[in-house]
Chemist: 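Pasting a structure here, questions to come.
What you see is a predicted model; the values in this text were computed from it and never measured.
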Amino acid sequence: GCSVPGTGGGGNNTQRALVYFMDDDAGQIAAEGLNINSAGTFAPVSNFVPPQMPAHVDDGGIVIVSQKYLYTPLSNASTGSVYGFSIDATTGALSPLNGSPYAVAGLMNQIGVAFSIAADPAGKFVFVADASGITVLAVNSNDGSLTSINPAAVSTGIGAPQQMSTDGLGKYLYVVDGLSIAQFSYDASGNLTPLGLLSSSVTDM
């Protein structure tokens, strides 16, 4: 996940990009930053303390919303939730959001089974897909907390999602299982409408 909290350009670029990585085995998030040192390259964020999370998990990716909030879905044998954090734009520090972690039905015990996360470009929704379907979570713009919109997951009509993405205008959601693409539109309330499937001759998209 990447957050770009600053601005700048030219020879004295002051723009900073914070990039976060998930280490499943350690259950830790690491952070690096661009232009946090005089070389203007990516380097570890000094004094970054990884937030406490369960060890030995599978993750479904990381998304950044509004350059302020980070979300990652994690699963092991005993838990399946989306963990949410606020981002300190100066230090890169992560602080748990109100109510985090957020339970997602079907996400528990997905070890070895693909699941994925995507964010609406306008920062209004987070989509989490697993073998049981898609859960839509509304993002509170004031504090980043998540609220489930659909109590029952929406079926993708395909296998377990390897990847998922929204379009740049915030109208469509695409889910890939390696063989097919499930297509959805979504409205201002986050309600999903299936738009059919696309199959590919590629065996591992």
Side-chain angles (χ1 to χ4, degrees), residues 1-5 16-34 36 42-120 123-149 153 160-166 175:
C2 181
S3 176
V4 185
R16 302 179 68 218
L18 299 169
V19 182
Y20 297 90
F21 310 86
M22 183 69 201
D23 181 341
D24 289 356
D25 287 339
Q28 282 190 351
I29 291 178
E32 289 194 356
L34 178 66
I36 64 171
F42 278 104
V45 175
S46 60
N47 302 317
F48 177 77
V49 178
Q52 185 67 40
M53 290 189 292
H56 306 296
V57 293
D58 275 4
D59 79 273
I62 290 175
V63 294
I64 304 290
V65 169
S66 303
Q67 301 178 1
K68 298 189 294 184
Y69 307 118
L70 179 151
Y71 304 97
T72 181
L74 303 180
S75 176
N76 62 23
S78 60
T79 185
S81 304
V82 175
Y83 285 70
F85 303 91
S86 62
I87 301 170
D88 185 307
T90 302
T91 67
L94 299 176
S95 302
L97 296 175
N98 260 349
S100 177
Y102 307 97
V104 174
L107 194 56
M108 188 178 73
N109 201 20
Q110 292 291 309
I111 300 299
V113 180
F115 58 100
S116 186
I117 189 170
D120 165 53
K124 295 175 62 177
F125 308 108
V126 169
F127 304 92
V128 178
D130 53 44
S132 64
I134 306 167
T135 299
V136 184
L137 303 157
V139 179
N140 184 313
S141 60
N142 295 318
D143 63 8
S145 59
L146 299 178
T147 304
S148 178
I149 289 176
Q162 303 281 352
Q163 294 186 36
M164 184 166 53
S165 180
T166 55
V175 185

Chemist: So, Ser148 side chain and Leu137 main chain: donor-acceptor pair closer than 3.5 Å or not?
Modeler: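 Not a single qualifying donor-acceptor pair exists.
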Chemist: Measure the NZ-CD1 distance between Lys68 and Ile87 for me, rounded to the nearest 0.5 Å.
Modeler: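 That separation rounds to 10.5 Å.
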Chemist: Is there a side-chain contact (heavy atoms from CB on, under 4.5 Å) between Val175 and Phe127 once you walk through the steps?
Modeler: CA-CA 10 Å; Val175 185; Phe127 304 92; over 6 Å; no
Chemist: If I compare all heavy atoms of Pro161 with all of Ala131, which pair ends up nearest, and what's the gap?
Modeler: CD-N, 4.2 Å
Chemist: Which pair of non-hydrogen atoms, one from Ile62 and one from Phe21, has the smallest distance, and what is that distance?
Modeler: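 Result for this residue pair: CD1-C, 4.1 Å.
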Chemist: For Thr135 and Ala153, indicate whether the former's side chain and the latter's backbone hold a donor-acceptor pair under 3.5 Å.
Modeler: no
Chemist: Looking only at heavy atoms, what is the nearest atom pair of Thr91 and Asp88, with distance?
Modeler: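 Of all heavy-atom pairs spanning Thr91 and Asp88, the closest is N-OD1, 3.0 Å.
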Chemist: Please report the shortest heavy-atom distance between Ala103 and Ser81, naming the atom on each side.
Modeler: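 Smallest heavy-atom distance, with atoms named: CA-OG, 3.9 Å.
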Chemist: With sequence neighbours left out, write down each residue that passes ring-ring contact (aromatic ring centres under 6.0 Å, His included) with Tyr83, or none if nothing qualifies.
Modeler: none
Chemist: Can you spot which of Asp59, Val126, Ile117 makes a side chain to side chain contact (heavy atoms under 4.5 Å, CB included) with Pro73?
Modeler: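 Answer after filtering Asp59, Val126, Ile117: Ile117.
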Chemist: Pair Tyr69, Ser86 - check side-chain contact (heavy atoms from CB on, under 4.5 Å), show working.
Modeler: CA-CA 5 Å; Tyr69 307 118; Ser86 62; 4.3 Å; yes
Chemist: Measure from the side-chain N and O atoms of Tyr71 to the backbone N and O of Gly144, and report whether any donor-acceptor pair falls under 3.5 Å.
Modeler: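 Yes; judged by distance alone, with no hydrogens or angles, the pair exists.
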Chemist: Below 3.5 Å, can you tabulate the donor-acceptor pairs from side chains in residues 92-100 to any protein atom, sequence neighbours excluded?
Modeler:
unit_1: Ser100; atom_1: OG; unit_2: Gly84; atom_2: N; d: 2.9
unit_1: Ser100; atom_1: OG; unit_2: Gly84; atom_2: O; d: 3.4

Chemist: So, for Val45 and Glu32, which heavy atoms are closest and what is the spacing to 0.1 Å?
Modeler: CG2-C, 3.6 Å
Chemist: Give me the atom names and distance for the closest heavy-atom approach of Ala119 to Thr166.
Modeler: O-OG1, 2.9 Å
Chemist: Please round to the nearest 0.5 Å and tell me the distance separating atom CG of Asp24 and atom NE2 of His56.
Modeler: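 Those atoms lie 11.0 Å apart.
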Chemist: Please report the C-alpha distance between Lys124 and Val139 in whole Å, then the side-chain angles of each, then the deciding distance to 0.1 Å, and finally whether the side-chain contact (heavy atoms from CB on, under 4.5 Å) criterion is met.
Modeler: CA-CA 5 Å; Lys124 295 175 62 177; Val139 179; 6.0 Å; no
Chemist: Between OG1 of Thr72 and CD1 of Ile64, what distance do you get to the nearest 0.5 Å?
Modeler: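 That separation rounds to 10.0 Å.
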